[in-house]
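Computed from a prediction, not measured in an experiment: that's the story for all the values here. Counting starts at 1 for both ligands and their atoms, in listed order. All values below were derived from every heavy atom in this structure, side-chain atoms included, with hydrogens, water molecules and symmetry-related copies excluded.
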Amino acid sequence: MRERPTRSDVTLKDLESPDWWRQAVVYQVYPRSFADSNGDGIGDLPGITSRVPYLRELGIDAVWLSPFYPSELADGGYDVADYRDVDPRLGTLDDFDTMAAALHDAGIKLIVDIVPNHTSDQHEWFQAALAAGPGSPERARYHFVEGKGPDGDQPPNDWQSHFGGGVWERVVEADGTPGQWYLHFFAREQPDLNWDNPEVRADFEKTLRFWSDRGVDGFRIDVAHYLTKDLREPFAPFSEVGLGENVEAHGHPFSDRDEVHDVYRAWRKVFDEYTPPRIAVAEAWVHRSRVARYASPEGLGQSFNFDLLLAEFDASEFRDVIQDSLELAAESGSSSTWVLSNHDVVRHATRYGLPAGSGRHAKDWVRSGGSPDDVDTERGDRRARAATLVLLALPGSTYLYQGEELGLHEVGDIPGDARQDPTYFRTGGAEFGRDGCRVPLPWTKDGPSFGFGSNGAHLPQPTWFGDYSAAAEEAAPCSMLSFYRAALALRETLQTDESLTWIEHPSPDVLAFERPNGWRSITNFGAVPVDMPDGEVLLASAPVDGSTLPGETTVWMR
Ligand code: NOJ
């Protein structure tokens with residue numbers, strides 16, 4: 001294998017480019033599960049700072065930090081009680097500045113999560129709304145309405161929330177009587193904000209400037225398509241509106257309404273006040289014909305593509321998704337994003353090792369108890385490596401989720417009493433939720449919480465975690481960690497312009513494409529070996545002998 005260039009040789013030069021994000025490798029840190037510096041079982045900002053050398057060695061370009069704000073953790077931190085502070089369990093604003101400086105010194109950009117659709121019910125605005133009563137300006141920051149029926153004890157409509165149960169919650173008024181209902185598309189502790197209210201708009205712009213002034217390089221926008229709503233009666237029934245994903249045209253009452261782009265156009269002006277301009281990426285589950293609006297240069301600039309999270313490990317599915325995503329990105333002049341795992345889905349090493357299939361069936365496995373015995377881990381690991389090389393060879397930015405570089409598997413069998421995800425509680429245990437990909441990372445082979453902290457971990461770690469620890473993999477040349485480091489370093493030297501040309505191959509199981517300067521990525525998604533194309537092998541996801549490309553293997557060649 002060729003010698004790896006050091007990061008200082010190859011990346012620091014690009015730090016000030018306004019286009020740094022277009023082909024960046026972004027590593028998602030779920031802060032409460034990354035590294036715990038003070039032994040309270042919860043990951044924190046000093047913990048992240050202590051691991052910056054690890055991130056630098058890994059070779060990423062940016063960190064995306066999931067919410068670290070004060071939160072009652074009704075939804076893993078996506079219930080924000082104060083957008084301009086740090087949860088005291090995770091540190092202080094000074095700790096944030098120290099972390100940001102350490103990342104920047106290591107040549108790593110910092111993207112933070114912004115959650116504009118809803119606050120926590122502990123946010124001072126919501127508490128003020130409860131105290132102020134019907135008709136008040138405090139309630140006008142949210143969506144409070146009267147209930148139906150003679151006593152107003154029926155919810156305004158039958159819409160269902162993402163985490164199970166209805167979207168309306170009735171409050172008890174200050175005088176102790178049952179009162180109005182408020183809207184929440186996620187947990188009841190996450191009341192939706194009213195984006196028609198200028199005060200809400202102004203406050204978020206203040207938040208964007210607050211973090212930009214502290215040196216944050218960009219923002220990931222949570223449920224970016226949900227902010228603006230038309231709640232005029234009559235309400236369409238849930239059977240008609242659903243959760244509002246994949247809607248083809250403007251007019252849905254709460255999803256992907258055209259007016260949401262007024263918000264993002266205003267945000268763009270804020271981003272452009274900085275040098276280089278702050279970047280943003282939308283989490284928007286919208287119809288493909290409407291994605292470009294979110295990714296436009298006048299708007300957020302980039303939008304996530306999630307199709308690979310649902311795709312089977314299959315050459316033609318991958319090709320269709322890649323082609324479609326590249327076309328979509330081109331429509332807005334943006335670059336595409338590639339994601340195999342994040343904090344909301346079953347880890348891909350596990351998905352690829354499930355007998356029923358990798359994409360759509362993973363939730364069924366979790367629902368059935370998530371036994372590790374159902375997972376062919378060897379196969380999952382092999383496919384994960386092959387898919388990772390495909391992603392890293394694609395033009396655009398690749399998002400990695402913490403732990404995937406260790407080949408970490410989903411912890412499917414967390415006992416009910418240890419679970420935290422509101423999905424589990426709001427469905428009465430019918431859905432197990434997303435805790436299995438959020439289990440604190442193993443850093444050492446053994447010891448309390450496998451080096452995550454000096455004590456326990458807020459979600460139980462299984463005994464097999466030590467084998468996947470950074471320390472165990474550090475020294476092993478064939479480990480997943482060594483593989484990721486090699487792939488990222490090589491990518492950095494190969495990735496230049498954003499061109500991609502498909503290479504046709506006689507086998508329907510082979511996906512091959514060429515990038516600039518003769519760099520080729522060739523994957524055999526099938527089980528049967530195929531002939532190996534000519535050329536110099538730069539990196540392979542599994543051992544290759546020069547004459548055949550084994551099944552479920554990717555090679556980078558030149
Ligand atoms: C999307 C986030 O990724 C997820 O974790 C969260 O529960 C919802 N948005 C609600 O904020």
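- Taking a cut-off of under 4.0 Å to the non-hydrogen atoms of Arg434, the atoms of ligand 1 that pass are 4 (C), 5 (O), 6 (C), 7 (O).
- Heavy-atom neighbours of Glu124 CD from other residues, nucleotides or ligands within 6.0 Å: at or below the threshold of 12.
- Judged by the 6.0 Å distance and 45° axis criteria, Arg51 is positioned over the aromatic ring of Trp443.
- Only side-chain heavy atoms of Arg220 come within less than 4.0 Å of ligand 1; its backbone N, CA, C and O stay farther off.
- The shortest heavy-atom distance from His162 to ligand 1 is not under 4.0 Å.
- Residue contact annotation: Gln28 has no non-hydrogen atom under 4.0 Å from ligand 1.
- The shortest contact between atom 7 (O) of ligand 1 and any protein heavy atom is with Asp75 OD2, 2.6 Å.
- When each of Arg383, Arg351, His348 is tested with Phe313 by the rule side chain to side chain contact (heavy atoms under 4.5 Å, CB included), just one qualifies, namely Arg383.
- Using a cutoff of 4.0 Å between basic side-chain nitrogens and carboxylate oxygens, Asp258 and Arg290 are scored as salt-bridged.
- A salt bridge is defined here as a Lys NZ or Arg NE, NH1 or NH2 lying under 4.0 Å from an Asp or Glu carboxylate O, and Asp40 with Arg89 fails to meet this definition.
- For Lys109 and Trp20, the positive end sits near the middle of the six-membered ring, less than 6.0 Å away and at most 45° from its axis.
- Listed by number with element, the atoms of ligand 1 under 4.0 angstrom from any heavy atom of His118 are 10 (C), 11 (O).
- Applying the 4.0 Å criterion to heavy atoms of Arg438 picks out, from ligand 1, the atoms 5 (O).
- Within the 4.0 Å heavy-atom criterion, neither part of Trp285 lies near ligand 1.
- Protein heavy atom at the shortest distance from atom 5 (O) of ligand 1 is Asp344 OD1, 2.7 Å.
- Each of Arg220, Arg278, Gln28 was scored for a side chain to side chain contact (heavy atoms under 4.5 Å, CB included) with Ile111, with one residue passing: Arg220.
- Atoms of ligand 1 found under 4.0 Å from any heavy atom of Phe163, numbered from 1 in the order shown, are 7 (O).
- You'll find the ring centres of Phe254 and His225 outside the 6.0 Å limit.
- Summary of contacts: the protein heavy atom closest to atom 11 (O) of ligand 1 is Asp222 OD2, 2.7 Å.
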